[in-house]
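Notes for the one structure printed next.
Within every chain, numbering begins at 1; the chains are lettered A, B, ... in the order of the sequence lines, protein sequences first and strands thereafter. Remember, it's a predicted structure, so these values are computed and weren't measured experimentally.
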There are 2 protein chains.
Amino acid sequence: MTKTSPPARPAPDERHLRPAGRATRAAIEEAARRLFAERGFDASVRAIAGEAGVDPALVIRHFGSKEALFLRCVDTSSGLGAVLDGPLETVGRRLVAYFLDPDRPLLRQRYLALAQAAHLDGVREEMNRHTAETYVAALAPRMTGPDRELRVALAVAQVSGLLSLVYRQEDPVLTAADTTRLVELYGDAIQQLLTPAGL
Amino acid sequence: MTKTSPPARPAPDERHLRPAGRATRAAIEEAARRLFAERGFDASVRAIAGEAGVDPALVIRHFGSKEALFLRCVDTSSGLGAVLDGPLETVGRRLVAYFLDPDRPLLRQRYLALAQAAHLDGVREEMNRHTAETYVAALAPRMTGPDRELRVALAVAQVSGLLSLVYRQEDPVLTAADTTRLVELYGDAIQQLLTPAGL
DNA sequence: TCAACCAGTCAACGGCGTTGACCGTTACGC
DNA sequence: GCGTAACGGTCAACGCCGTTGACTGGTTGA
């Protein structure tokens with residue numbers, strides 16, 4: 001006869017928690033956000049637990065797994081909406097300028113953390129969701145011509161590649177280049193996919 | 001008084017090896033190549049050692065570290081030279097077609113392994129070297145106009161982004177898209193950076 | 001009052017990369 | 001011919017990791 005689900009702890013269920021549980025849960029999440037931002041996915045569950053003053057097992061108890069905790073802590077939301085909602089004819093250059101703005105160091109952190117954890121299925125799904133809900137939803141409806149979704153996806157690929165070389169690989173040519181020139185060149189290459197010359 | 005270099009095993013030194021050492025070293029390397037190709041950097045030293053019929057410690061003894069072994073096993077050489085040496089005016093589309101060719105599954109494997117291990121300094125350096133020695137060296141001398149190196153580096157960023165979305169992220173839009181159309185659109189976007197309309 | 005359940009700790013498991021101590025064997029100088 | 005040094009290799013262990021199960025108190029509600 002099949003085992004009738006042994007008395008393993010059931011799902012944490014998020015809703016009916018006592019105040020104490022809610023508090024430490026928040027403390028763990030805060031510590032995780034900071035450490036994941038600092039060290040990326042390399043931040044260990046044990047370090048997060050220590051930072052929150054809690055036993056490592058409790059971290060898993062509350063969030064299920066390190067991956068689930070990571071997914072909850074990483075937020076892809078950003079000031080990107082304003083960039084994408086601006087004039088469609090210049091969104092290419094604005095996108096590049098946005099991501100290369102040295103006053104936005106958190107973007108670099110977030111990208112590195114996500115890229116480092118891209119081997120997790122959940123992270124990949126989140127990235128695809130982000131592409132669809134942020135980029136495609138904002139740009140495709142205002143575009144003309146065929147293959148609108150495909151062209152947006154390819155523009156996202158361009159952005160992704162730029163971030164990969166600049167942030168991760170730290171390509172010496174791109175790092176040493178004049179940012180203004182880079183924005184012009186790469187921004188126009190992106191623009192060509194979104195609003196090509198022949199419309 | 002400072003310890004005069006304790007009798008720790010010195011460098012493996014590669015050259016003066018006895019036949020037995022040379023043989024097992026080759027066996028380890030072969031096993032590593034296969035497992036790294038199969039499972040990427042997740043392939044464990046212990047698994048590689050088991051595949052080679054050897055103690056895990058010996059793997060480290062021979063190659064110094066898992067990272068060093070990985071770097072020795074990953075080869076970025078490929079049929080790319082022929083693509084890059086062809087007509088400069090159509091290299092964009094040929095590049096995309098080359099990487100999307102379904103008859104070249106090893107490209108995918110190599111890219112995934114490299115991307116997964118990109119957090120290692122040695123891997124990043126190897127990638128930058130590859131960009132400079134393969135792409136820049138082949139394309140920049142034949143190009144015209146300003147910022148030739150920068151434009152090649154940006155084209156590499158485009159290729160990198162495409163591989164990232166197609167291979168790693170498995171973006172549903174790109175995966176479902178017609179390859180021919182994709183080659184046209186993205187190839188032309190790359191081409192614009194290498195040989196822009198206004199020369 | 002008492003049973004159910006939440007919050008939390010503790011020790012442990014299996015896996016990882018890596019290291020140091022320890023042998024047999026091979027090569028070489030005297 | 002023989003001692004000795006270096007090579008080739010194994011073994012057990014270290015310290016780390018994510019995760020789990022058993023267990024202890026405290027809180028809550030019937």
State whether [X] and [Y] are salt-bridged, where the test is any N-O pair (Lys NZ or Arg NE/NH1/NH2 against Asp/Glu carboxylate O) under 4.0 Å.
{"X": "A:R61", "Y": "A:D55", "result": "no"}
{"X": "A:R104", "Y": "A:D101", "result": "yes"}
{"X": "A:R39", "Y": "A:D42", "result": "no"}
{"X": "A:E126", "Y": "A:R129", "result": "yes"}

Closest nucleotide of DNA chain D for B:R46 versus for B:T24: which of these residues is on the 5' side?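 Between the two, 5'-proximity favours B:T24.
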Choosing from [options], which nucleotide comes nearest the side chain of [X]?
{"X": "A:S44", "options": "C:dT18, D:dC17, D:dT19", "value": "D:dC17"}
{"X": "A:R61", "options": "C:dT9, D:dC11, C:dG17", "value": "C:dT9"}
{"X": "B:K66", "options": "D:dG18, C:dT18, D:dC11", "value": "C:dT18"}

Please tell me if A:H62 has a side-chain N or O lying less than 4.0 Å from either OP1 or OP2 of C:dG8.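 Yes, within the criterion.
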Does A:S65 make a side-chain N or O approach to OP1 or OP2 of D:dG18 shorter than 4.0 Å?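 For D:dG18, OP1/OP2 do not have a side-chain N/O of A:S65 under 4.0 Å.
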Give the rounded distance in Å between these two atoms: [atom1] of [X] and [atom2] of [N].
{"X": "A:H119", "N": "D:dG18", "atom1": "NE2", "atom2": "P", "result": "11 Å"}
{"X": "A:F63", "N": "D:dG18", "atom1": "CZ", "atom2": "P", "result": "15 Å"}
{"X": "A:L58", "N": "D:dA22", "atom1": "CG", "atom2": "P", "result": "18 Å"}
{"X": "A:I60", "N": "D:dA22", "atom1": "CD1", "atom2": "P", "result": "18 Å"}
{"X": "A:D55", "N": "D:dT19", "atom1": "CG", "atom2": "P", "result": "14 Å"}
{"X": "B:D42", "N": "C:dG15", "atom1": "CG", "atom2": "C1'", "result": "13 Å"}
{"X": "B:R22", "N": "C:dA27", "atom1": "CZ", "atom2": "P", "result": "13 Å"}
{"X": "B:F41", "N": "C:dG17", "atom1": "CZ", "atom2": "C1'", "result": "10 Å"}

Compute both the distance and the angle, then confirm whether A:K66 meets the cation-pi test with A:F41: under 6.0 Å from the six-membered ring centre, within 45 degrees of the axis.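 Judged by the rule, A:K66 and A:F41 form a cation-pi pair.
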Could you tell me whether B:V54 contacts a base, only the sugar-phosphate backbone, or nothing, with contacts defined as non-hydrogen atoms closer than 4.0 Å?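 Contact class for B:V54: sugar-phosphate only.
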